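Contents: one structure, followed by commentary.
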Amino acid sequence: MSHFFLTTPLFYVNAEPHLGHTYTTVIADTLKRYYSSRGVETFFLTGTDEHGDKIAEAAKEHGMEPKAYADRISELFRSTWDACGISYDHFIRTTDPYHQKTVQRLLQKIYDTGDIYFGEYGGFYCFGCERFYTEKELVDGKCPDHQKKPEYIQEKNYFFRMGKYQQQLLDHIQSHPDFIRPEHYRTEVLAFLREPLGDLCISRPRTRLEWGIPIPFDTDYVTYVWFDALINYVSALEYKGERVFQTYWPKANHLIAKDILKPHAIYWPTMLMAAGLPCYEHLDVHGYWIMESGKMSKSLGNVVRPLEMKERFGMDAFRYFLLRDMVFGQDAAFSFDAFITRVNADLANNLGNLVSRVLAMQKKYFSSKVQPLSGSWAAEDLKLRDCFLQVGRDIQRHMGGLYFHRALESIWGALDRTNQYVVQTSPFVLMKDPEKHKRVGEILHHLLESLRMTSDFLTPFLPETASEIRSLLALPENKATADIPWGSLFQPDHQVNPPKVLFPRIETS
RNA sequence: CGCGGGGUGGAGCAGUCCGGUAGCUCGCAAGGCUCAUAACCUUGAGGUCGGUGGUUCAAAUCCACCCCCCGCAACCA
């Protein structure tokens with residue numbers, strides 16, 4: 001039995017769940033379902049990152065205590081994922097006591113080994129960005145983000161000797177080609193590591209910021225948010241017990257968007273090295289959804305809210321678009337036009353209509369009772385079956401490389417083939433000849449098999465749809481049928497259900 | 001000399017790592033079918049795969065140089 005640990009980033013509680021959060025989470029959910037269905041025990045972690053100046057500020061604006069504010073937004077994330085049917089195994093909050101304890105324990109450990117030191121640092125600090133700027137980074141002496149002049153601050157802080165681990169990290173990335181995927185992000189990190197890596201300031205004085213995890217060896221300071229948040233990947237497993245931790249660490253796949261590449265590719269591995277823990281296995285980096293905001297309706301504003309999408313179009317339609325229209329790693333555009341076109345063409349027409357027509361014929365011609373197959377199959381029957389068998393192999397190959405769009409493309413190739421098969425064999429014509437009824441029964445049997453295989457294939461991507469197809473075929477809800485050979489699934493006298501519209505066409509006008 | 005991404009039929013994209021008849025969706029034209037969600041099937045029109053040069057029997061794909069667009073600013077995946 002192999003194991004797999006899958007994480008999303010901890011979402012910062014200064015915004016409500018939007019398209020980007022949803023994408024990462026849907027990807028994780030799909031992988032979780034995919035690997036689980038293949039017998040790989042998978043632990044899926046998500047949660048919220050709740051400390052730092054920005055949260056303290058946002059809370060103040062709302063006239064709330066930071067914790068109360070964080071509670072509210074964190075709950076919004078959790079309930080959103082619940083409503084979307086996301087199959088996470090644990091939801092962590094950086095304000096959870098067990099997490100704080102782990103952060104403090106690791107800080108103490110690294111401090112004891114001498115990789116954390118107390119030093120003085122002076123520089124231009126922008127309160128908006130919560131960071132120091134070098135003079136080179138400033139534009140006209142101003143912070144490029146906030147157009148404000150940063151203040152010169154001289155203060156003492158704790159520093160992590162990150163630079164000490166630069167060579168070790170470089171070696172690791174070079175000897176593990178699939179450590180950071182896709183490759184261009186790996187290239188980017190390697191390029192970054194050509195320059196000397198400085199040490200990382202990991203504390204904030206309490207005089208400036210209260211809202212954080214206290215540094216265990218100096219109560220005048222709290223922990224820098226990234227040093228706090230990254231550790232969640234370990235603290236969540238520890239919380240589940242020593243055995244869970246031993247089982248799943250370091251078999252971790254961290255899913256992130258490109259904006260947080262540096263903390264995950266550089267801070268986190270060096271932190272693990274200093275803490276004496278093995279490095280995670282993969283960092284999988286995806287791109288951004290580019291909003292075509294000009295075209296969006298005013299009522300929707302500029303944000304795609306997952307719950308609204310689910311209510312308007314169904315979660316599976318939304319999932320399908322996200323997985324099908326973005327090449328993992330690259331940016332993609334989001335527009336309602338593209339969404340509607342995609343859903344109508346692929347879900348309503350190709351898939352939904354296929355299910356309808358097959359079940360309609362089964363009902364009309366044989367009262368929904370599945371007819372037996374004869375010993376010898378026609379060439380087109382074999383071709384149809386082989387096509388689906390090939391798709392199974394294709395999916396496996398594509399999923400290994402995070403090519404979700406190709407996996408779906410190959411499934412839809414099989415659906416095209418199936419629609420072609422209907423026209424080629426024309427059961428509705430054969431039915432006019434009583435002598436051909438037996439053949440019609442066989443053709444429909446093959447078609448039902450193709451629907452069954454489709455439902456198996458779709459399970460990780462479109463879980464609701466997959467289970468609806470199973471229930472239309474009157475198959476047990478939770479029993480995987482992927483291992484049952486084509487033609488051996490339906491027992492004599494098996495009765496399927498009447499057709500149903502899985503995806504209504506979205507009418508525009 | 002910043003870093004990265006992209007430039008493929010009218011539109012939007014895949015294919016580029018692992019060279020070998022240029023593919024998908026939408027749109028358009030003609031035909032077929034009637035089981036089905038005005039769906040489905042077939043055929044057609046439409047591309048010098050940004051440019052130039054190179055490697056090769058063969059390049060969208062590899063190499064070199066050049067041109068153009070986008071992000072690295074916003075809450076943020």
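Heavy atoms only: backbone and side chains are in, while hydrogens, waters and symmetry mates are out. Everything quoted here is computed from the prediction, not taken from an experiment. Chain identifiers are assigned alphabetically (A, B, ...) following the order of the sequence lines, protein sequences preceding nucleic acid strands; residue numbering begins at 1 within each chain.
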Tell me which one of A:Phe490, A:Tyr365, A:Trp486 satisfies ring pair (Phe, Tyr, Trp, His ring centres under 6.0 Å) with A:His445.
A:Phe490
How would you label the contact of A:Lys364 with the nucleic acid (heavy atoms, under 4.0 Å): base, sugar-phosphate, or nothing?
sugar-phosphate
The single option from A:Trp412, A:Phe461, A:Phe503 that satisfies ring pair (Phe, Tyr, Trp, His ring centres under 6.0 Å) with A:Tyr320 is A:Trp412
From CH2 of A:Trp412 over to C1' of B:rG23, roughly how many Å is that when rounded to an integer?
18 Å
Quick one: which of B:rA14, B:rC76, B:rG5 gets closest to the side chain of A:Val327?
B:rA14
Span that lies between the P atom of B:rA14 and that of B:rU8, in whole angstrom:
10 Å
Only one of A:Phe404, A:Trp289, A:Phe336, A:Tyr23 passes ring pair (Phe, Tyr, Trp, His ring centres under 6.0 Å) with A:Phe321, and that residue is A:Trp289
For A:Ile260, answer base if it contacts any base atom (sugar-phosphate contacts may also be present), sugar-phosphate if it contacts only those atoms, and nothing otherwise; contact means non-hydrogen atoms under 4.0 Å.
sugar-phosphate
Quick note, A:Val422 side chain, CB onward, closest among B:rU25, B:rC3, B:rC35 is B:rC35
Donor-acceptor pair, distance only, cut-off 3.5 Å: does the side chain of A:Asn232 make one with the backbone of A:Ala229?
yes
Does A:Asn344 have a side-chain nitrogen or oxygen under 4.0 Å from the phosphate oxygens OP1 or OP2 of B:rU37?
no
Taken to the nearest whole Å, CZ/A:Phe336 to C1'/B:rG12 is 17 Å
Pairing string, 5' to 3', for RNA chain B - Watson-Crick or wobble contacts under 3.5 Å, brackets [ ] where pairs cross, | to another strand
.(((((((.[[[[.)....(..]]]].(((((.......))))).....[[[[[..)....]]]]])))))).....
What about A:Phe179 and A:Tyr280, are their ring centers closer than 6.0 Å?
yes
Report the distance from atom CG of A:Leu19 to atom P of B:rC76, rounded to the nearest whole Å.
16 Å
Tell me whether A:Trp211 contacts the main-chain N or O of A:Glu50 through its side chain, where contact means a donor paired with an acceptor under 3.5 Å.
yes
Given 3.5 Å as the limit, does a donor-acceptor pair link the side chain of A:Asp89 with the main chain of A:Leu45, or not?
no
Indicate whether OP1 or OP2 belonging to B:rC41 is found under 4.0 Å from a side-chain N or O atom of A:Gln424.
no
Without swapping roles, check the side chain of A:Asp96 against the backbone of A:Arg93 for a donor-acceptor pair under 3.5 Å.
yes
From the candidates B:rA77, B:rC35, B:rA39, the one with an atom nearest any side-chain atom of A:Asp259 is B:rA77
Between B:rG15, B:rC75, B:rA77, spot the one nearest the side chain of A:Arg406, thanks.
B:rG15
Can you identify which nucleotide, out of B:rU34, B:rA14, B:rC75, has its nearest atom closest to the A:Val429 side chain?
B:rU34
Where the side chain of A:His405 is defined as all heavy atoms beyond and including C-beta, which of B:rC26, B:rG15, B:rA77 is the nearest nucleotide?
B:rG15
Which is more 5' along RNA chain B, the nucleotide nearest A:Leu415 or the one nearest A:Val501? Just name the residue.
A:Val501
Nucleotide nearest A:Arg357 (side chain, heavy atoms from C-beta), chosen from B:rC40, B:rC26, B:rC41
B:rC40
May I ask you to say what A:Asn353 touches in the nucleic acid, namely base, sugar-phosphate or nothing, with a heavy-atom cut-off under 4.0 Å?
base
Is A:Tyr288 stacked on the base of B:rA77, with ring centres under 5.5 Å apart and planes under 30° apart?
yes
Which nucleotide, B:rA77, B:rC26, B:rC40, lies nearest any side-chain atom of A:Val423?
B:rC40
Let me know the distance between NZ of A:Lys258 and P of B:rC76, rounded to the nearest Å.
15 Å
Of A:Gly287 and A:Phe503, the one whose nearest nucleotide on RNA chain B sits closer to the 5' end is A:Phe503
When the distance from CD1 of A:Ile340 to P of B:rG27 is rounded to whole Å, what number comes out?
13 Å
Does A:Trp289 reach a base, just sugar-phosphate, or nothing at all? Heavy atoms under 4.0 Å.
base
Determine yes or no for a side-chain-to-main-chain donor-acceptor pair under 3.5 angstrom, with A:Asn253 supplying the side chain and A:Phe4 the backbone.
no
Closest nucleotide among B:rA77, B:rU37, B:rA39 to the A:Ser356 side chain:
B:rU37
Minimum-distance nucleotide to A:Gln420 side chain [options: B:rC76, B:rU37, B:rC41]
B:rC41
So does A:Lys262 get a side-chain nitrogen or oxygen closer than 4.0 Å to the phosphate oxygens (OP1/OP2) of B:rG4?
no
